Participant: 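For reference, the structure I am asking about is given below.
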Amino acid sequence: MDFQLSDDQLAIQDAVAKFFQEEWNSDIRRDALDDGPVKISDEIWQQIVEMGWIGIAVSEEHGGSGLELLTAAMLAEEGGQVLFPSKLCTAFTTAFALDQCQSGDTAALLTDHMTGQQFVSLAVDEANGTFGPENNATAATLAGDGGTISGEKILVPDAECADCFLVAVRLNDSGALVKVAADAPGLTITAMQRIDGQSISSLQLADVPFSSDDILGGTDDADQVLLRTYEFWTTLISADLLGVTTKALEMTNEYAKVRQQFNKPIGSFQAVSHRLADVKVAEEVGRSLLYGACLALQENPDQCFPQVSAAKAWLSDAAAEATEAALQLHGGIGYTWELDVHLLLRQARSHAVYLGDAAYHRKRIGNFITG
Amino acid sequence: MDFQLSDDQLAIQDAVAKFFQEEWNSDIRRDALDDGPVKISDEIWQQIVEMGWIGIAVSEEHGGSGLELLTAAMLAEEGGQVLFPSKLCTAFTTAFALDQCQSGDTAALLTDHMTGQQFVSLAVDEANGTFGPENNATAATLAGDGGTISGEKILVPDAECADCFLVAVRLNDSGALVKVAADAPGLTITAMQRIDGQSISSLQLADVPFSSDDILGGTDDADQVLLRTYEFWTTLISADLLGVTTKALEMTNEYAKVRQQFNKPIGSFQAVSHRLADVKVAEEVGRSLLYGACLALQENPDQCFPQVSAAKAWLSDAAAEATEAALQLHGGIGYTWELDVHLLLRQARSHAVYLGDAAYHRKRIGNFITG
Amino acid sequence: MDLKFSEQDEAYRKKLLDWLASSGELISRTMQGTDDSGERNPMQAMRDWQKHLYEAGYVGMSWPKIYGGYEASLTEQVIANEELARAKIPPSLNTVGLTIVAPTMIQHGSEEQKQKYLKRILRAEDIWCQGFSEPGAGSDLASLKTNAVLDGDNFVVNGQKVWTSAGHIADMCVLLVRTNRDAPKREGITYLLADMKSEGITIRPLRNAGGGSHFNEVFFDDVKIPKENMVGELHGGWAIARSTLDNERSGLSGVVALEANFKRLLQLTESASIGGEPAIEDAHTRDQLAQYWIEIEGLKYLGYRTLSEQLKGQKPGSQASVGKLFASKLRQAMAKNALEIVGPYAALTKKSPHVMDRGRWVAGYFDSLGYGIGGGTSEIMHNVIAERVLELPRSVED
Amino acid sequence: MDLKFSEQDEAYRKKLLDWLASSGELISRTMQGTDDSGERNPMQAMRDWQKHLYEAGYVGMSWPKIYGGYEASLTEQVIANEELARAKIPPSLNTVGLTIVAPTMIQHGSEEQKQKYLKRILRAEDIWCQGFSEPGAGSDLASLKTNAVLDGDNFVVNGQKVWTSAGHIADMCVLLVRTNRDAPKREGITYLLADMKSEGITIRPLRNAGGGSHFNEVFFDDVKIPKENMVGELHGGWAIARSTLDNERSGLSGVVALEANFKRLLQLTESASIGGEPAIEDAHTRDQLAQYWIEIEGLKYLGYRTLSEQLKGQKPGSQASVGKLFASKLRQAMAKNALEIVGPYAALTKKSPHVMDRGRWVAGYFDSLGYGIGGGTSEIMHNVIAERVLELPRSVED
């Protein structure tokens, strides 16, 4: 047994941190709050593609690096720390979905996605006031070699730069993922606006046509692929939340050491230091749960939901607590636009309710426990 | 408008506090934990009777002092502070119930109760796993001038010293309070044991006979009398919980000023002082809610339940918090038998689940709000 | 103990409500921000509104008549406070002037200062801002560094203030400055009144976490302030400022605001759904709503207790700190709970498709976070309760 | 990253389970507290049991072979730890000896001390207690006052210790005493080994809040302790004690205990009702159960991370404090939640009619309150995390 990052993983982590440090600046996130969704420059994205990040956890047979899912989560966490947009999580997630599918077309699409030829996003959530792919009601009808999709998807990530979407639909009473091109007839993309300035859209689908080749991996185990994909995506967003938690704690901890009031660093007052200790506990527990979720996904992908929900529920709360503590303990300066505290808070709050909030995930666990 | 204790009330409060200080000692409560339920000596009880406490809030037309219900609650609070048994609350409650009833027999019983000739207790709760008089299922059947009662009542206070009980029953599809003598045939009294060592029993009623004269105030508004009585009782127990809260805070506050660790009084550490500040806030809010409940009971007795539930819900939580904080902040010594901290904690926990716990009372308020 | 109002009180209430009903036109003009000629001029509209309010007797109610006040009874103040808050009239432009500057001046100012400024505050002829906090002096206000040197008939002031609400629209500023660097920190502070149009004052708006700009930084560069603008004694400013900080409001207007929040939250639970069911049927949500109802009720009765003490002529204790700490926690809890109820849509801005209630809930959340910082952080409120109410030894050194 | 055990590990587990199955008779005798002749003698039964456990290789697993240990691999320790906790075998009499005295002695003791005491600890021939805390020295342990003066070949000890678990049954005691009153408080402390049968020792049981008597006060009145019973240097006791305090267990046995608690709580929700409905259908209860499940899962993985670091030869960090603080909060939360579920019957003692589960829930609640105090209060755990993990400046002076 071994429940730690391997030396290889630690080396990758260092390299990723270094890349972000050199190439990314959180001011881009601040500016995006006024000027529309945040964009990763083509140059940075190209580097990411070239470093092979997108396929890092894709199986070797499909052209990826075949590393543990944990490695992708680790990258998502590093991204969260520096407020890198979660387009990275989107890219990992669609790569994962495509990797799970058997048909020849998806292999080509996966290659395009990993090599930056096409960017594939995915559309799952609907405006029914609740979470989870189970409540998916967007209907696809199939007649012969093709069919149409009608419905609305919301909270679709990175639609601006997507060439196509994997759309979760109901098809013959079972779930399916169908590929829809961004310029498909009948598809309207409307920008939504999220408090963290990240790209998020709604897709209106009005009799959008598709061919049977566009159905990922047949319809046989599509429900399972969809669910696994959702679990993986949720885990990546949890990793991002862990990064936000870590960064909020680190910023506040540093500030508490240098900020003087009453002739002492404020970190010497227990009102400050004990609250930070609680955040530290939340972070350590959160990291442990994230590792547990990654391991469950890797080894037991069709029964991993309790561990995934545990990580998402805990980290949704932990990131909110850590960023609110950061704001409060920074005092007035923490409440200003200039400091990154509110950027972290915005991302924490956005991701806390993305792909299921804490209450939703605790409900899943409640159902699991009580059988 | 005036939302303060009057000068008269303040004078009564002082006198009561002085009486308790001279006559009562919390060691009696500690000893009772080993030796069966706590008993108030006949001498002390006689003094209480002679001072006219029992009828303090009973209407003047029925021989009481006709003071505000708040005055009785104030006495209950003083009792809570010194860990005086809640027999006082029982006595106030049955006096209140009898005061509300019109029939001649109850007037005589009330006089006996106020003058110490008879002690009247009351039996409401049943072993159905929930709270409140609404769930009362003990059936009385009436045939001509008499009838019988069968069922079980639990958590009946002060049965050891009771001459008779007001038993809440279902009679002709409505609630009623029926007087049952302690030595009635078919009545078995079994001692229950509560962690605070107070007298609490179950009554098994097997075809216990009663005459129609034993039905309090006719059957017309019996449901209302019963409910009002329960609200008043609940308010008194809330007052007792406020007393426990106040005392726990006071003890701990004093200790925090004198106990030295790391060359300072521990009250100068924010881990201690801020927690005590939170308890102070809880106490002030609790006192305010108690006053609100007393006023609602007094002025609007049939619609007072939201205010009564607010006080009970809040003070159940506040007393638990205050006494747990007391135990924790006293450290090891707070966890010993010798200190009164655990006596306060035991009373807080006992009364927190007596007459409805916080969750039950919040449910009542939830129903009120969403109407 | 009773909460009944006398017939006379009720007559007073009726008069107020009649007056409010007859003021509809001015209220809507103020809300629209137009002056009496219909031109857009929000500042003038607000000034006009406050003057109207003052002339009707609802500003300066507790002040001495000789300075333009009304010496109204406290019960009248309670009624006015509740009814005005309930009526959602335009907010006052001049909070600092009315709640901080005027009480200080009445207690510590010279007769000339009182005559010169008080009536202008009442009529909103002067809008005031507060120059207390500095980048290095927040919770530890007494460590402030903005420097003033007496040179002839003027103080010459250099330094920087921050978190100055309304700084960009204010006519005047109450200012704490250091006049003696060698004395212990609380003994070298002086209380000044600065004209915001003085040469050498630069105002820079500060954007807050929610994106709004209510605060400012104010820079002082050799600003001359006449000697007669000193309140109290030289180096005696700390005690004056401290008495002002203690002079907090009863908080009943805060209760009315919380009641309005609660009502909106209840409406939200009727329109939103949790897990496919109406939120109002969700057991956890019902439990939370009940808890907020309890806490608002508690805060209201706490306010009544404080007021009753004042009615009997007792000085309000530190119950104001209890109320502030409790109210800011409650406000934050309600704001967070609203986000839980809004669920998937909780992170959308007001401009987004699918946003609920035009983004009110996210905006309210950001606002709620500010309540634990502004006007004394929750940590400082804990200290105040521990030290002044519980009389525990200080946890911070002076 | 994996949590798989090797075939060899699984063989080890099987051997252990077989041994456990074959030990049933001794286990039940120990639970009943009878010796091998069937006479009631709980102490002897416990000693016999520990010796049996030791001889099978499950005590002293990590210790060097030369002192009677087994030098087992950490994976084997994990397996033994989990399986023994899961099997609910009798608790060890000699926790202090095994987890505090022995590691200290192995690190700091003389060769004679090691030879004399270590094997006797393993076989429960000597039961040890701990004489550290004093009435005036709790969280601030270094301010202890029990005095020792070197007189010829003996220390002469006077003073009082408190919270001494097992003091009334112990053969030996590890003792911190002050040997230099003039030095800074951490530099005048010496670490001694005391025979509890020495003349001048008086033991008084202390009853706890729940009514049990696990602690004692121990009074020392001119007690002679031979010079060779000093561990380490004269005045060098603080560093030794500190290293012992840091040497906390990985906490995985705590996780197994919490899992058992959780299982019982889940069973309770199946039998109890809330508001007339089965508790397990109550939304709030389900939410709480889910939260506890999450937290236990988190604590378990945290334990795995710590163990993995140890496997790689890294010294465990201060994660032990994180685990202790978190586990004691969780234990308290679960205990309080159980009282909520038991509802009207929550305050009944085990002897009362209508009590649920023979009073387990109230007893568990009292126990849970002790977890935030014993072995370092939660306040001290917060300090430790702040100072050692976050490297914040100290909030208390030495």
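Naming convention: chains lettered A, B, ... in sequence-line order (proteins, then strands); numbering from 1 in each chain. Computed from a prediction, not measured in an experiment: that's the story for all the values here.
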Participant: Ignoring hydrogens, what is the shortest heavy-atom contact between D:Leu390 and A:Ala277? Give both atom names and the distance.
Facilitator: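 What the structure gives for the nearest pair is CD1-N, 3.8 Å.
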Participant: At a 4.5 Å cut-off on heavy atoms, which part of D:Glu391 comes close to chain A: side chain, backbone, both, or neither?
Facilitator: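 For D:Glu391, heavy atoms of backbone and side chain both lie under 4.5 Å from chain A.
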Participant: Taking CG in D:Asp18 as the centre, count heavy atoms belonging to other residues, nucleotides or ligands within less than 6.0 Å. Is the count above 12?
Facilitator: yes
Participant: Could you list which of residues 313-327 of chain A have a heavy atom closer than 4.5 Å to any heavy atom of chain D, in residue-number order?
Facilitator: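 Only A:Ala313, A:Trp314 of residues 313-327 of chain A have a heavy atom under 4.5 Å from chain D.
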Participant: Tell me, side chain or backbone of D:Leu302 under 4.5 Å from chain A's heavy atoms, or both, or neither?
Facilitator: both
Participant: Within this structure, what is the CD1-CZ distance for the pair A:Ile369 and D:Phe262, rounded to the nearest 0.5 Å?
Facilitator: 4.0 Å
Participant: If you count the non-hydrogen atoms of other residues, nucleotides and ligands that lie under 6.0 Å from CD in A:Gln21, is the total more than 12?
Facilitator: no
Participant: Distance check, rounded to the nearest 0.5 Å: A:Gln4 atom CD versus D:Thr306 atom OG1?
Facilitator: 9.5 Å
Participant: Out of curiosity, D:Ile385 CD1 to A:Asp278 CG, how far, rounded to the nearest 0.5 Å?
Facilitator: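 Taking CD1 in D:Ile385 and CG in A:Asp278, the distance rounds to 7.5 Å.
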Participant: Does any backbone or side-chain atom of A:Leu276 lie under 4.5 Å from a heavy atom of chain D? Answer side chain, backbone, both or neither.
Facilitator: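 Both backbone and side chain.
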Participant: What distance separates D:Ser321 OG from A:Glu284 CD, expressed to the nearest 0.5 Å?
Facilitator: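 The OG atom of D:Ser321 sits 10.5 Å away from the CD atom of A:Glu284.
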Participant: With only heavy atoms counted, which part of D:Asn383 is less than 4.5 Å from chain A, the side chain, the backbone, both or neither?
Facilitator: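 For D:Asn383, heavy atoms of backbone and side chain both lie under 4.5 Å from chain A.
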Participant: Which atoms of A:Glu68 come close to chain D, meaning under 4.5 Å heavy atom to heavy atom: side chain ones, backbone ones, both, or neither?
Facilitator: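 When you check distances to chain D, only side chain atoms of A:Glu68 fall under 4.5 Å.
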Participant: Measure distances from A:Leu249 to the heavy atoms of chain D and classify the residue's part below 4.5 Å as side chain, backbone, both or neither.
Facilitator: side chain
Participant: Before giving the answer on side chain to side chain contact (heavy atoms under 4.5 Å, CB included), spell out for A:Leu289 and D:Glu297 the whole-Å C-alpha distance, their side-chain angles and the decisive distance to 0.1 Å.
Facilitator: CA-CA 7 Å; A:Leu289 286 167; D:Glu297 197 79 356; 4.0 Å; yes
Participant: Return the OG to CG distance between A:Ser288 and D:Leu299, rounded to the nearest 0.5 Å.
Facilitator: 8.5 Å
Participant: Where does the angle between the aromatic ring planes of A:Phe368 and D:Trp293 fall among parallel (under 30°), tilted (30 to 60°) and perpendicular (over 60°)?
Facilitator: perpendicular
Participant: Can you say whether D:Lys300 sits under 4.5 Å from chain A via the side chain, the backbone, both, or neither, judging by heavy atoms?
Facilitator: neither
Participant: Could you check A:Arg362, A:Lys363, A:Arg364 and say which one makes a salt bridge (Lys or Arg N to Asp or Glu O under 4.0 Å) with D:Asp287?
Facilitator: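 In the set A:Arg362, A:Lys363, A:Arg364, the residue that makes a salt bridge (Lys or Arg N to Asp or Glu O under 4.0 Å) with D:Asp287 is A:Arg362.
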Participant: What residue, out of D:Lys4, D:Arg305, D:Gln291, has the most heavy-atom pairs lying under 4.5 Å from chain A?
Facilitator: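 Max contact count across the listed options: D:Arg305.
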Participant: Counting heavy-atom pairs under 4.5 Å to chain D, which of A:Pro306, A:Pro265, A:Ala359 comes out on top?
Facilitator: A:Pro306
Participant: Ring-plane angle category for D:Tyr304 and A:Phe3, please: parallel below 30°, perpendicular beyond 60°, tilted otherwise.
Facilitator: perpendicular
Participant: Just how far is it from atom NE2 of D:His382 to atom CD of A:Gln270, taken to the nearest 0.5 Å?
Facilitator: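 Here the rounded value is 9.5 Å.
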Participant: Between A:Glu299 and chain D, which part of the residue has a heavy atom less than 4.5 Å away: side chain, backbone, both or neither?
Facilitator: side chain
Participant: Do any of residues 264-284 of chain D have a heavy atom less than 4.5 Å from a heavy atom of chain A, and if so, which, in residue order?
Facilitator: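 Expected list: D:Leu266, D:Ile280.
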